[in-house]
Amino acid sequence: MTAFTGQELTDTLNDKGLTDWKPQGDAIGTRLLTGDFATGLDLVNKIGAAAEEAGHHPDITLTFPHVDIQLTSHDTGAVTERDLDLAGTISKLAASAGVKADPNAD
Ligand SMILES: C[C@H](O)[C@H](O)[C@H]1CNC2=NC(N)=NC(=O)C2=N1
């Protein structure tokens with residue numbers, strides 16, 4: 001499984017339209033601007049179901065105003081296609097819930 005790093009990872013995120021994600025060390029991350037805990041919990045449950053379906057799991061921090069997501073392939077120690085695929089799914093789930101994803105949001 002190819003590991004994406006550095007400029008190649010940045011280019012791949014752009015090529016795949018994953019502009020709501022950014023490289024964070026050996027992972028990619030985003031911030032879902034859910035606005036309240038109940039909305040975040042509902043979205044986390046949907047993300048969890050997608051992760052179980054994919055057999056690949058994000059690191060999730062659920063707070064009142066937002067949900068932070070990080071994706072890396074623990075067995076590889078880097079970002080792989082599995083992470084990019086699940087990132088796309090998560091972006092779609094957030095959009096369907098009317099939730100903006102911004103990796104640079106405070
Ligand atoms: C057996 C099971 O499928 C593996 O341990 C999966 C589970 N989910 C995973 N998720 C992530 N992010 N990285 C992995 O290497 C990984 N491995």
Side-chain angles (χ1 to χ4, degrees):
M1 183 73 67
T2 305
F4 293 88
T5 60
Q7 188 60 46
E8 184 188 24
L9 174 55
T10 300
D11 293 345
T12 300
L13 288 172
N14 287 326
D15 294 346
K16 290 179 176 286
L18 294 171
T19 53
D20 47 353
W21 295 78
K22 73 176 183 181
Q24 293 176 342
D26 62 0
I28 55 173
T30 195
R31 172 163 285 183
L32 307 179
L33 305 181
T34 49
D36 63 75
F37 194 83
T39 301
L41 184 57
D42 182 64
L43 188 49
V44 165
N45 276 298
K46 292 183 170 79
I47 291 167
E52 284 297 293
E53 173 90 20
H56 195 72
H57 303 84
D59 298 327
I60 299 173
T61 303
L62 171 61
T63 69
F64 180 86
H66 55 252
V67 175
D68 288 335
I69 309 274
Q70 281 206 319
L71 279 163
T72 188
S73 293
H74 299 300
D75 57 359
T76 307
V79 175
T80 70
E81 202 70 45
R82 290 171 289 166
D83 301 297
L84 300 171
D85 290 347
L86 187 53
T89 300
I90 291 169
S91 292
K92 290 188 180 91
L93 288 170
S96 297
V99 170
K100 184 173 178 336
D102 181 354
N104 301 308
D106 288 331

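Values below: all heavy atoms of this structure, side chains included; hydrogens, waters and symmetry mates excluded. Indexing begins at 1, ligand by ligand and atom by atom, following the structure's order.
Under 4.0 Å from ligand 1, the heavy atoms of Thr72 that appear belong solely to its backbone.
Not a single protein heavy atom sits closer than 4.0 Å to atom 5 (O) of ligand 1. There is no protein heavy atom less than 4.0 angstrom from atom 2 (C) of ligand 1.
When all heavy atoms of Gly40 and Val67 are compared, the pair lying nearest together is CA-CG2, 3.8 Å.
Ser73 places no side-chain N or O within 3.5 Å of a backbone atom of Thr76 that could act as its donor or acceptor partner.
Residue Ser73 approaches ligand 1 through these ligand atoms, each under 4.0 Å from one of its heavy atoms: 13 (N). Near Asp75, the atoms of ligand 1 lying under 4.0 angstrom from a non-hydrogen atom of the residue are 15 (O). Distances below 4.0 Å separate heavy atoms of Gly55 from the following atoms of ligand 1: 3 (O), 6 (C), 7 (C), 8 (N).
Sorted by first and then second residue, the side-chain hydrogen bond (donor to acceptor under 3.5 Å, both in side chains) pairs with a member in residues 91-106 read Asp20-Ser91, Trp21-Ser91, Lys22-Asn104; sequence neighbours excluded. Residue pairs meeting the side-chain hydrogen bond (donor to acceptor under 3.5 Å, both in side chains) criterion with at least one member in residues 33-43, sequence neighbours excluded, are Asp36-Thr39, Asp42-Lys46.
Taking a cutoff of 4.0 Å between a charged side-chain nitrogen and a carboxylate oxygen, Arg82 and Asp75 qualify as a salt bridge.
Rounded to the nearest 0.5 angstrom, Leu32 CG and Thr30 OG1 are separated by 5.5 Å.
Closest to atom 16 (C) of ligand 1, if we only count protein heavy atoms, is His56 ND1, 4.2 Å.
Of the listed residues (His74, His57, Met1), the one carrying the non-hydrogen atom nearest atom 7 (C) of ligand 1 is His57.
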